[in-house]
Amino acid sequence: MKLKMLLLLLISAVVISGCGTEKMSEPTTLLNQDKQEVAFPQEKPVLFFFITTYT
């Protein structure tokens, strides 16, 4: 049963990822810890880590 669910999850992830556009229409901008805007480049794929803390 777990193998069937895992297989279904993987197949649906591949199908959903294939439905996206190749390039975003506008740049992604986030705020860093100093409240400065950081924009990600659009020319190549980018991997970023998002870490939150609750204080």
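Values reported hereafter were calculated over all heavy atoms of this structure, with side chains retained and with hydrogens, waters and symmetry mates removed.
In this structure, M5 CE and L8 CG are separated by 6.0 Å, a value rounded to the nearest 0.5 Å. Between the NZ atom of K35 and the CD atom of E37 there is a distance of 12.0 Å, given to the nearest 0.5 Å.
When the side chain to side chain contact (heavy atoms under 4.5 Å, CB included) test is applied to Q36, the partners found at least two apart in sequence or on another chain are N32, D34.
The other members of the hydrophobic cluster of L10, by chain and number, are L6 (side-chain heavy atoms under 4.5 Å, ILVMFWY only).
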